[in-house]
Amino acid sequence: MTRPPLRQGVPVVALGGALGAVARWALSTAHPDAATAFPWTVFGINVVGCALLAVLPAVAVVRRSPALAVFLGTGVLGGFTTMSTASEQTAHLLETGHATTALAYAAGTLLAAVGAAAVVDRLSTPQERLTLEDEEADE
């Protein structure tokens, strides 16, 4: 997929990123986790975000619109998901003596996020995946 020109892409990504970050903040505020507990809210945000990122290439309107692709992918979902918060939460759990929870969180986030993307990928047929790959190769 081609990218939009920089002068169009920057404001599109900025707007999408702001929307995604506000959505993440709202969920984290509405569903706070105790400082020493498993951070379920950010865990869920990152797993759902990865699944949604995996869905984007299968959506025809997103494939046809470079601006929509960067708005939703890099912008909204990039602002929504957060490895920096996951890393900070893992470090905090380690610093406060909750090594088992920290390890479960770090490994669980990675495994669940990759697993979510794999599940989404498998919702399509092998022929559909080949068609998507062929479409992308043509651009």
Side-chain angles (χ1 to χ4, degrees):
M1 175 177 292
T2 60
R3 295 178 187 216
L6 191 60
R7 68 182 181 287
Q8 179 189 19
V10 168
V12 167
V13 169
L15 176 61
L19 293 172
V22 167
R24 175 174 28 94
W25 171 81
L27 284 171
S28 295
T29 300
H31 305 284
D33 295 307
T36 58
F38 191 94
W40 287 108
T41 302
V42 171
F43 177 84
I45 286 168
N46 285 333
V47 173
V48 168
C50 284
L52 291 173
L53 278 167
V55 167
L56 286 182
V59 179
V61 68
V62 173
R63 286 195 316 273
R64 288 191 301 267
S65 173
L68 183 59
V70 297
F71 171 76
L72 293 173
T74 307
V76 174
L77 294 172
F80 183 63
T81 58
T82 174
M83 279 308 297
S84 59
T85 300
S87 299
E88 182 276 324
Q89 289 172 325
T90 301
H92 177 76
L93 288 166
L94 287 170
E95 291 167 359
T96 57
H98 296 88
T100 303
T101 304
L103 180 61
Y105 180 52
T109 297
L110 176 62
L111 292 172
V114 171
V119 166
V120 167
D121 184 58
R122 294 296 165 219
L123 293 175
S124 61
T125 66
Q127 183 58 46
E128 289 170 328
R129 288 193 296 276
L130 283 173
T131 300
L132 281 173
E133 289 173 17
D134 288 343
E135 287 178 8
E136 289 177 359
D138 291 340
E139 294 182 23

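Just so we're clear, the structure is a prediction, and the values are computed from it rather than from any experiment.
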Worksheet item: Which distance, rounded to the nearest 0.5 Å, do you find between the CG of Leu93 and the CD of Glu88?
Response: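 Spacing of CG (Leu93) from CD (Glu88) equals 9.0 Å.
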Discussion item. Quick check for you: to the nearest 0.5 Å, what is the distance between Thr41 atom OG1 and Gln89 atom CD?
Written reply: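 One gets 8.5 Å once the value is rounded to the nearest 0.5 Å.
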Item to complete: Check Ala67 against Gln8 and note the closest heavy-atom contact, atom names and distance.
Response: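 Minimum heavy-atom contact is CB-NE2, 3.5 Å.
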Spell out, as yes or no, whether a donor-acceptor pair under 3.5 Å connects the side chain of [X] to the backbone of [Y].
X     : Y      : value
Ser65 : Val62  : no
Thr74 : Val13  : no
Asn46 : Ala113 : no

Is there side-chain contact between [X] and [Y], with heavy atoms separated by less than 4.5 Å?
X      : Y     : value
Thr101 : Thr36 : no
Phe80  : Ile45 : yes
Val120 : Cys50 : no
Leu56  : Leu77 : yes
Pro4   : Val12 : no
Thr109 : Pro39 : no

Let me check something: do [X] and [Y] share a hydrophobic cluster, defined by ILVMFWY side-chain heavy atoms less than 4.5 Å apart, either directly or through other members?
X     : Y      : value
Leu53 : Val47  : no
Val59 : Leu123 : no
Val48 : Val114 : no
Leu94 : Val42  : no
Leu6  : Phe71  : no

Worksheet item: Relative to each other, are the rings of Phe38 and Phe43 parallel, tilted or perpendicular (30° and 60° limits)?
Response: perpendicular
Worksheet item: Taking only residues two or more places apart in sequence, or in another chain, which ones meet Ala106 in a side chain to side chain contact (heavy atoms under 4.5 Å, CB included)?
Response: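 Partners of Ala106 by the side chain to side chain contact (heavy atoms under 4.5 Å, CB included) criterion, ordered by chain and then number, come out as Thr90.
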